[in-house]
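These figures come from a predicted structure and were not determined experimentally. Numbered from 1 within each chain, the chains take letters A, B, ... in sequence-line order. Just so it is clear, the values below take in all heavy atoms, side chains as well, and ignore hydrogens, waters and symmetry mates.
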Amino acid sequence: MSPGIVVLVVAAISAVGYVLGRRRAVSLSASERVRLHSLPGYYGQTVALFAAVPAVIVLAAWLVVQPLLVETRVTGMIPDSVIPEGGARSLVMADVRRIADGIDAVLARGGISEGELSEMRADATDVRGFLAEVGVALGNDVPPPVFEAAKSYRQISKTGNFVAGALALALSIGFALWAYRRIAVDLRARNISERFVRALLVSASTIAILTTVGIIASLFFETYSFFRVYPAQEFFVSTVWNPQFRGGSELGILPLLWGTFYISLVALIVAVPLGLMIAVYLAEYAGPSVRSVVKPAIEVLAGIPTIVYGLFALVTVGPFLRDWIAQPLGLGNSSSSVLTAGIVMGIMIIPFVSSLSDDIINAVPQALRDGSYALGATQSETIKQVVLPAALPGIVGAVLLAASRAIGETMIVVLGAGATARLSLNPFEAMTTVTVKIVSQLTGDTEFASPETLVAFALGLTLFVLTLGLNVLALYIVRKYREQYE
Amino acid sequence: MSNMPTTMTTTTKAATMNESKISARKVQVFYGDKHAIKDVEIEIPPRSVTAFIGPSGCGKSTFLRCLNRMNDTIANCRVEGHISIDGENIYDPKVDPVQLRAKVGMVFQKPNPFPKSIYENVAYGPRIHGLARKKSDMDDIVASALQKAGLWNEVKDRLDAPGTGLSGGQQQRLCIARAVAVSPEVILMDEPCSALDPIATAKVEELIHELRANYTIVIVTHSMQQAARVSQRTAMFHLGELVEENDTDKMFTNPDDQRTQDYIMGRFG
Amino acid sequence: MSNMPTTMTTTTKAATMNESKISARKVQVFYGDKHAIKDVEIEIPPRSVTAFIGPSGCGKSTFLRCLNRMNDTIANCRVEGHISIDGENIYDPKVDPVQLRAKVGMVFQKPNPFPKSIYENVAYGPRIHGLARKKSDMDDIVASALQKAGLWNEVKDRLDAPGTGLSGGQQQRLCIARAVAVSPEVILMDEPCSALDPIATAKVEELIHELRANYTIVIVTHSMQQAARVSQRTAMFHLGELVEENDTDKMFTNPDDQRTQDYIMGRFG
Amino acid sequence: GAAAARDQIQIAGSSTVLPYASIVAEAFGENTDFATPVVESGGSGAGRKKLCEGVDENTIDIANSSSRIKQSDIDACAKNGVKEIQEVRIGYDGIVFASDINGPEFAFTPADWHMALAAKVVKDGQLVDNPYKKWNEIRADLPDQEILAFIPGTKHGTREVFDEKVIIDGCKEDGALEALKAANGGDEKAAEKACMALRTDGVSVDIDGDYTETLARIDANKNAIGVFGLSFYQNNTDKLRVATMSGVMPSVETIAKGEYPVSRPLYFYVKNAHLDVIPGLQEYIEFFVSDEMAGPDGPLAAYGLVSDPELAKTQAAVKARTPMGALN
Amino acid sequence: MTEISTFGASVAESRGKSLFAADERTRRRNAAEARFRMMGRIAVIIGIVALIGLLASILSNGMSSFQQTYVSLDIFLDPAKLDKAGDRNPEAIAKVSTFGYAPLIQKALQDAMVGKGIAGDGVNPKAAAELISKEAPADLRRFVLADPSAIGQTVHFDLLAAGRIDGYYKGRVTMESAKLDRNISPEQLMLADKLKEAGILTTRFNWSFFTAPDASDTRPEAAGLGVAIIGSAYMMLIVFVLSLPLGVAASIYLEEFAPQNRFTDLIEVNIANLAAVPSIVFGILGLAVLINFVGLPQSAPIVGGLVLTLMTLPTIIIATRAALKAVPPSIRDAALGVGASKMQATFHHVLPLAMPGILTGTIIGLARALGETAPLLLIGMVAFVREYPSGPPEGFFDPASALPVQIYNWTQRGDPAFVERASGAIIVLLVFLMMMNLIAIVLRRRFERRW
Ligand SMILES: Nc1ncnc2c1ncn2[C@@H]1O[C@H](COP(=O)(O)OP(=O)(O)OP(=O)(O)O)[C@@H](O)[C@H]1O
Ligand SMILES: Nc1ncnc2c1ncn2[C@@H]1O[C@H](COP(=O)(O)OP(=O)(O)OP(=O)(O)O)[C@@H](O)[C@H]1O
Ligand SMILES: [Mg+2]
Ligand SMILES: [Mg+2]
């Protein structure tokens, strides 16, 4: 029984359970002339849930556990002699699995029968050639113990699948029956199903936590090894970022943080006013037809691959700023600059501000606007003093999202602002960001265990902690200024 | 309270007694296909209180909103006809609705305080019109408006609390205070006392009475007694039509129209 | 309508005539620091109408919302004390507020129709409680609820129009219809007639009268006349305290408390 | 499902080797029954790290690398049970200096580059902060053009070669090394390090991206000189004018003969334990180093890889699966 | 009192004035209004102009990649070369590598030139054969292996022209540039012109751009987006199926059900912070957790999809929460008041009203997920992949590429022909994005309403 089929059967059982449960609830209420506690559908749902959830959990657990179990069983069958020198048991196991798959393929094609298969011996048959016919390529000829192991691998997996499938079906039917029998007019069916939904909601929101844990965990160990080979103090307070290929690098984070901050700031200075004005215009001034065209159009800006923006920065904006502003003002003659990257990035993140804010502004009740208009306020006064404050939490969320995007961007920075880490106030100079350096150090040609590569993890973790701090601050501000309408 | 005298002296020139402040001719309002106001003609005298009465859904609020073009904000609402204030057609394309609304204030049927502090709710209007130069001026305006609306005692200790955290009746009075604070020439009040207890109602009626000396007031009310108490003229709407418009005394003693009579006697519905 | 009898039979057992339907003991409500309800004790008899009166902001709505735990939804609101319905403590953690609210319906002070069609507004409650098995049953329920609320004639041609596009009074009646449609055992009405004209008011009062035979009704009103007309018992609140609770007749003729007397006489404020 | 065994070769590593590896992979897929190998690019360092993650189907089979494997990688491999690794040198990568096609011709020496880019240069016998703004200030027969150089970022393998073969050699040539040695109290290492310190006034621009980025930057700054791989230059001869180094024009031939100084070997590393397990792995590496592919007339050479003169030795080693010995 | 009279006077000024005669202050306010409105309009225009500019440059660079030049030749499949033994033994035929097929093409071209009377004019046969893609022998070999009986016959083939020739007809390569170009000579271009006149060379719509897999650096003309499109589609399917429900569920819990306490604050800050995590860090996560710990395969859409899901979730959650927050509480009260459970109130009333915001979050989140390369770098999807993944769900575990990866790869390649391909791929990506968003946009319009 393949898991797919079991899942389908379980789904069928729970569907039937739903119908029967519902029907039973209805008929009970009719015969006892008592109102049901919940809508009949909820009774159906409880049966369906009980039919599906335990079975699916068991099945899922089995899918995880079975390979482990089978592997341990089968690995034991492989004598050390067939394990090539320098190789590992796990690799032979890969062969075993490949052969087992191959056998399945052959069987499916009807090349041989089960009986013939059990007769078959690796030393007598050319298993490799045999499997090659069904498109399963093997790296080497098959030693007999491996072939035997493959056969029993197949056998055990089959039995395992069967047992698990049977168990799942039994659970499904058993729980379904139990849930069905339990139905009574005063069964709190809605509460049961809602508790289940709630559990789903809770587990969905814990994913954020798990992701965070995962990120921290995956960054932490390498960061730790980084700080073992590189002094933490240097990293945090040094103002020089100068990695060397052959060691002896200076890896101060400050210039990178400054670049990140500076470029993101420029991007936000471009994106927030533009985005907000677009949002305001679309939500308050534009007619529905304009809005329905412009909004999705602006959203395309967020979907254009960043390489396009990067090239735009490199080829158009950078030289323009250099030739028309920086050089005449004597502010340098670099075509890559903070301003170039910031402006272009700002354009890219406009939709983050505009679209989300537009939705939120649109959700502000009309009564508030009416209240303001009736006092003789102009539309812009109303927007600035009534609508926007009421929409503030959402707008802050949108801006944070935009800022986040700006912090995480690489391509535009690389092409627009260059790769030079520098602490400078001049926006016409090239600088770079933490994210860019994470990418470049991580994908570079230096050896992995060197501080030059490991620093990427330390950069990642530091950035993570810093943005966390910023977000706490943002939350605090939003809480303070939140205006709850009604 | 203190700035009342100044305002009074200047307002006199605007409206001569025999002219009407607001005059509406052949006003039609449609919500999409629904014909909500039919051919209404009315003259509203200045410095007086006019009451609109009529059964629920007859178009009182709709007509009231026409008078300061608040209907503009309803997407599918269409107004036809001619309404003029001080002889000027307010639906003229050249008219700035903002200026109009500064002149014609409104209190809505459903209280809609801003999600701001009580103080800010009241100070908002004066601020945008630049009525106060200093913080202390603003404090005075806010205090006096809240006093007039009879809310001062209840909220004076918590002017920083959000206006949305007030009780229904308090919100209603807050909205009245808000409207009064900008001292418009005309005040439209849509059932300003619906959520108020008798004492608060009396307080608001007193305010109306006081304002009458200088302002033109239009009030929608469901209470005949209230209409009788506060208004000089009364207009009776029914199914979108203006059934009768008359001096209040006459209206409640000897109405011209049968329907008015029926309505007042409670024989409708 | 069809399953009304079933409900009734089950409810009878709950309340014996001499028992009170709702009883509150030492109820305190705080909004953050603000002490909005102080030590209120009250017994509300079944199958009767109890009126809450008192000046605006005295805590009537707050207390009313305690009775079906609608206060749960206000973030900074804290309720202490003991409220029981049919002898069961409704603040018991084991109580399902949903079931409670299905049993104790509510009409809010500010009409809050769903942004859906009129039909859907009324049908929503019956639908989630499974009161109608067929479309036609639902149609019946909706029609009868709207009729009871006196709105049927005005909206029967446009049941598909959005509930938010109704006039203020119509919205209020829609909310009444919505509450009545699920036939709860207790109906809490927060100023249900505030936006209604006398005829519509009369219609709602008639409804209350009708419902009284089988339901327990608590109504907040600012109109003494209305309280006198519809209620058997009246409770008077003042500054968060329950000043007096008495038979309505007694209350309006010979109140025990001086403050009640003052309020009724309009000597407050 | 997830448990199915892998049947294609997985390769990761250097983006410099990637083009060659993909040419071979494509031809391999075309000419055999095996699946076309998957060739990732993620940098030599990451590739070697992945290679050394263990012997398991879930790890890669081959790591491409633009520099030799490091001892730390070998240690990591050993720790994870990857004992036998084959080192396969596939040829040489030439590194060229090129400018816009419409600009003047350049004939460089390493000393020119050191003088142009170093933070400190010797001028009139004194160690001073680099004062040069134009090439002809360094050497009169260089064009009168502002100095602006796009050099590979410090993460690039190319940068290592650039530092070693151009900057340090130049440092020696122009005598700065001696001066720096003197300044550092005779410490040779410190002096070399000081040699490699480049000026930070925007004249030397690190490129973290790839050669296309350098090309685009030259497009935007016509007076700049960029550092490219030979193969990249060969594909863009209509846009770039290549410079000679010490009088030698870079080409596959001059590099193979060892005349052109700036080049480096390219490698891939094979995990021997996978050889018999991953279908086609042995065939692939043999195919790669075969004369048809990696020989002087093969497609790799046509694309700009400098064929290894000792290819025959490599072919034999690959046949014999000889694991690499200790690093020297 | 005096103070007050002064400001009272300012009110008085406007009092009684005509509605048509604006006073100083009103004029100023109206000017501010007009300015504000104009700012809004300008902002929209800037946005649109930026969009149009970017799109125009993308289109002008990339449209040409939808055209392709082909060489039509009748090729004699010479048994002497392909099947020396003459017994049509498939194994023996398979031994002939693509190098063995190249001469057949060279000869066929010469024959065709002779047939049409085209002189070589200094272009030797080998150089003439360079007009044809290196992919051509592989095509031939594939054809022969599929049908060995064709050996010995003359078969008509439409072969790809080499990248430079293709570029010549798209304006990328000119006679001038060819003079400097080591890979093509002006003589070869002239020959191509003659072939074109003779109808041997044709240019037409390039279907294989959408279906062919990637090709190596030497064959830009053969490179296509087939594998990348499948990979992206798989990943987007995973992202959409997982991130939308998960994101909405998490937001609902946090916004509607979770108690307000430190822990939920922590989650809230956390989610906001996850949005700020650079995407490559999600790649690190994917490598460490999904590949090394869970043991999922490298380069597989399933890993890419999961990583992108994690990356998209915060965007959707933040947007959804903001939208939920914006629904007025009175709506919830109304539902609860008729006895709806919180769950019902949320799903029946609040969620539909929050839908526009949710969909916006989805649109923006998916747009980002679709265009992201960095996280894929570490999980092995930034790769040269020529094999098509199988159908879902097995295909989720097969190596695949993705559209942004293909773009990224192509922009790094030496041959300028890949720049054009990359721009073409960007167009495809944008079209893909718009198709993906279309439903969301239509739905969003339906849910939009004011209250
Ligand atoms: N959400 C809230 N937050 C803070 N304070 C509140 C809130 N709601 C009500 N209050 C305060 O609690 C007190 C009682 O309010 P409640 O709404 O119960 O009054 P009420 O008797 O219903 O008045 P009304 O007749 O005006 O509706 C008032 O002072 C009010 O300002
Ligand atoms: N936005 C709207 N869209 C469609 N119809 C509307 C809208 N607003 C009001 N109506 C309808 O127009 C008619 C008049 O409404 P209006 O609000 O003017 O009544 P009203 O006299 O104020 O009643 P009430 O005393 O109940 O407030 C009613 O039938 C109402 O249903
Ligand atoms: Mg009204
Ligand atoms: Mg109240």
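For the atom pair C:D72 CG and E:K342 NZ, the distance stands at 8.0 Å (nearest 0.5 Å). Taking CG of E:L336 as the start and CE of C:M106 as the end, the distance is 11.5 Å to the nearest 0.5 Å. The CZ atom of C:F114 lies 7.5 Å from the CD1 atom of E:I331; values are rounded to the nearest 0.5 Å.
In this structure, chain C has heavy atoms under 4.5 Å from both the backbone and the side chain of E:A335. When heavy atoms are compared at a cutoff of 4.5 Å, E:Q260 does not approach chain C at all. With a threshold of 4.5 angstrom between heavy atoms, C:R65 approaches chain E through side-chain atoms but not through N, CA, C or O.
For the pair E:R332/C:T73, no side-chain contact is recorded, criterion being any heavy-atom separation below 4.5 Å from C-beta on. Contact check for C:I128 versus E:H348: side-chain heavy atoms found under the 4.5 Å cut-off.
In this structure, E:R28 places its CZ atom where more than 12 heavy-atom neighbours from other residues, nucleotides or ligands lie under 6.0 Å away. Applying the 6.0 Å contact sphere to NZ of C:K134 captures no more than 12 heavy atoms from other residues, nucleotides or ligands. For E:F36, the CZ atom sits in a packed shell: over 12 heavy atoms of surrounding residues, nucleotides or ligands are nearer than 6.0 Å. Heavy-atom contacts from other residues, nucleotides or ligands closer than 6.0 Å to CG of C:D33 number 12 or fewer. The number of heavy atoms from other shown groups lying within 6.0 Å of CG (E:L266) is above 12.
Note: E:H349 and C:Y124 have perpendicular aromatic rings, judged against thresholds of 30 and 60 degrees for the angle between ring planes.
In terms of heavy atoms, C:R178 sits closest to E:A334 at NH2-CB, 3.4 Å.
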